[in-house]
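Contents: one structure, followed by commentary.
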Amino acid sequence: MKYLYRIYQLFIVLPLGLVLTLLTVLSVSLGCTFGDGHFWGYYPGRWWSRGLLYLLLIPVKVEGRLHLEEGQSYVFVANHQGAFDIFLIYGYLNRNFKWMMKHQLRKMPFIGYACEKSHQIFVDKRGPKAIKATYDKARDTLQNGTSLTVFPEGARTFTGHMAHFRRGAFALADELQLPVVPLTINGSFNIMPRMRDGHFVTWHPLTLTIHQPIYPVGKGDENIMATMNQAYDSVMSALVPEYQGFVENPDQ
């Protein structure tokens, strides 16, 4: 069965996936240039992600959508198991959101332009003025239900287990006084861990668990640390037993 699935990936998924990816890149680039970046920066990516998972015959289960309020902006924080985290969140969170990314990506040809036009949040920590500009851009963007998604571990896991969270996303949520929503991803590490990038996909179900929002209590370091610790515990609580507990990841 494994080899039949690989043949299917090679002759069906690969060509159709390339066409789907090309159409997505073109629609995002043209749509963000001539139209509404908030729309074109999200929906083509959502359809692309769903299409790829559908082609790969990967079942998806989402739990906890009822925890989210219509029209409320959130800061979503998720564990980072593998490349398929992107497809799962983009395709099935069902919330228009922006990614938080390093400011260096703004200089990358084509990618930086598309991210800029689609209003992604570039994080610049090169001094107080740059940090303030990041917060101001986020404040203007994250309104009327538009949210932010962050992988606070900073990199994909090597073990399937969670690394420590970094405080950047929680500091931004604190500054903007937005609720933080933890997300637990299960299955992505089994499908394609970072050590097997570019290899055949291994079939495995995906699950996205949306936890209850954590609303700010006050403002400042105490709120940031309390929110970060609570979010970490929530994400950890829904991991499958195989990946429960902290295990050191080499580059996190």
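FYI, side chains are in, hydrogens and waters are out, and symmetry mates aren't considered; it's all heavy atoms of this structure.
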Legend entry - Test: D221 and R167 ion pair at under 4.0 Å: yes
Inset, instruction - Verify, without hydrogens or angle tests, whether R196 (side chain) and F200 (backbone) share a donor-acceptor contact under 3.5 angstrom. - result: yes
Legend entry - Worked check of side chain to side chain contact (heavy atoms under 4.5 Å, CB included) between L208 and V60: CA-CA 8 Å; L208 178 66; V60 174; 5.8 Å; no
Legend entry - Sub-4.5 Å side-chain heavy-atom contact between V28 and K117: no
Inset, instruction - Using a 4.5 Å cut-off on heavy atoms from C-beta on, say whether the side chain of L55 contacts that of Q9. - result: no
Legend entry - Pair M1-W203, side chain to side chain contact (heavy atoms under 4.5 Å, CB included): steps then yes or no: CA-CA 10 Å; M1 195 68 180; W203 187 92; over 6 Å; no
Inset, instruction - Identify the heavy atoms of P179 and P213 that sit nearest to each other, and give their distance. - result: CB-CB, 4.2 Å
Inset, instruction - Check for a donor-acceptor pair, side chain of D85 on one end and backbone N or O of G82 on the other, with a separation under 3.5 Å. - result: yes
Legend entry - Same cluster (ILVMFWY, side-chain, under 4.5 Å), L68 and L66: no
Legend entry - Partner of F84 under side-chain contact (heavy atoms from CB on, under 4.5 Å), chosen from I185, L56, L52: L56
Legend entry - R194 side, atom CZ; F158 side, atom CZ - distance, nearest 0.5 Å: 3.5 Å
Inset, instruction - Could you tell me if the ring centre of Y54 sits under 6.0 Å from that of W47? - result: no
Legend entry - Steps toward side chain to side chain contact (heavy atoms under 4.5 Å, CB included) verdict (T202, I191): CA-CA 5 Å; T202 300; I191 291 174; 5.6 Å; no
Legend entry - More than 12 heavy atoms of other groups within 6.0 Å of L18 CG: yes
Legend entry - Straight-line distance of I89 CD1 to R95 CZ, nearest 0.5 Å: 14.0 Å
Inset, instruction - State, to 0.1 Å, how close L142 and S147 come at their nearest heavy-atom pair, and which atoms those are. - result: CD2-O, 3.4 Å
Legend entry - Between H164 and F246, ring centroids under 6.0 Å: yes
Inset, instruction - Would you kindly confirm whether L57 and L206 end up in one hydrophobic cluster when ILVMFWY residues are joined by side chain heavy atoms under 4.5 Å apart? - result: yes
Inset, instruction - Look at the side chain of N96 and the backbone N and O of Y42, then say whether any donor-acceptor pair between them is shorter than 3.5 Å. - result: no
Legend entry - Considering all heavy atoms, the nearest L88-T207 contact: CD2-O, 3.7 Å
Inset, instruction - Compare all side-chain heavy atoms of F122 with those of E116 and state whether any distance is below 4.5 angstrom. - result: yes
Legend entry - Of all pairs that satisfy salt bridge (Lys or Arg N to Asp or Glu O under 4.0 Å), the ones with a partner from residues 42-66, not counting sequence neighbours: K61-E63
Legend entry - Nearest-0.5 Å distance, CH2 of residue W40 to OG1 of residue T33: 11.5 Å
Inset, instruction - Check whether any side-chain N or O of K98 sits under 3.5 Å from a backbone N or O of S118 as a donor-acceptor pair, and report yes or no. - result: yes
Legend entry - Path from L23 to Y43 over hydrophobic side-chain contacts below 4.5 Å: no
Inset, instruction - Check whether any side-chain N or O of H161 sits under 3.5 Å from a backbone N or O of G245 as a donor-acceptor pair, and report yes or no. - result: yes
Legend entry - Check: F97 ring centre within less than 6.0 Å of F76 ring centre: no
Inset, instruction - For residues Y74 and E69, determine if any side-chain heavy atom of one lies less than 4.5 Å from a side-chain heavy atom of the other. - result: yes
Inset, instruction - First locate atom CD of Q120, then atom OG1 of T141, and finally report the distance between them rounded to the nearest 0.5 Å. - result: 9.0 Å
Inset, instruction - Flag yes if V25 and L14 sit in one hydrophobic cluster, no otherwise; membership is Ile, Leu, Val, Met, Phe, Trp, Tyr, and two members link when side-chain heavy atoms are under 4.5 Å apart. - result: no
Legend entry - Within one Ile-Leu-Val-Met-Phe-Trp-Tyr cluster: W48 and L30, side-chain cutoff 4.5 Å: no
Inset, instruction - For the pair N223 (side chain) and P216 (backbone), establish whether a donor and an acceptor sit closer than 3.5 Å, ignoring hydrogens and angles. - result: no
Legend entry - Ring-ring centroid check F87 Y92, cutoff 6.0 Å: no
Legend entry - Heavy-atom side-chain contact between D174 and M228 under 4.5 Å: no
Inset, instruction - Would you confirm whether S27, through its side chain, and T24, through its main-chain N or O, come within 3.5 Å as a donor-acceptor pair? - result: yes
Inset, instruction - Supply the atom-to-atom distance T184 OG1 to Y243 OH, rounded to the nearest 0.5 angstrom. - result: 14.5 Å
Inset, instruction - Keeping the roles fixed (side chain from H67, backbone from I210), state whether a donor-acceptor pair exists under 3.5 Å. - result: yes
Legend entry - Nearest-0.5 Å distance, OH of residue Y215 to OG1 of residue T227: 12.5 Å
Legend entry - Shortest non-hydrogen separation from I214 to P182 and the atoms involved: CD1-CG, 3.9 Å
Inset, instruction - Just do the salt bridge (charged side-chain N to carboxylate O under 4.0 Å, His left out) check on K137 and D140 with the steps written out, would you? - result: CA-CA 5 Å; K137 171 66 186 297; D140 291 340; over 6 Å; no
Inset, instruction - Decide if atom CD of Q244 counts as having more than 12 heavy atoms of other residues, nucleotides or ligands within a radius under 6.0 Å. - result: yes
Inset, instruction - Using a 4.5 Å cut-off on heavy atoms from C-beta on, say whether the side chain of L172 contacts that of V75. - result: no
Legend entry - Minimum heavy-atom distance between Y90 and S49, given as atom pair plus value: CB-OG, 3.2 Å
Legend entry - From CA spacing to verdict: side chain to side chain contact (heavy atoms under 4.5 Å, CB included), V77, F170: CA-CA 9 Å; V77 295; F170 304 96; 4.0 Å; yes
Legend entry - Distance-minimising heavy-atom pair for G145 and S73: N-OG, 3.2 Å
Legend entry - Sidechain-backbone polar pair: H211 side chain, S234 backbone, donor-acceptor under 3.5 Å: yes
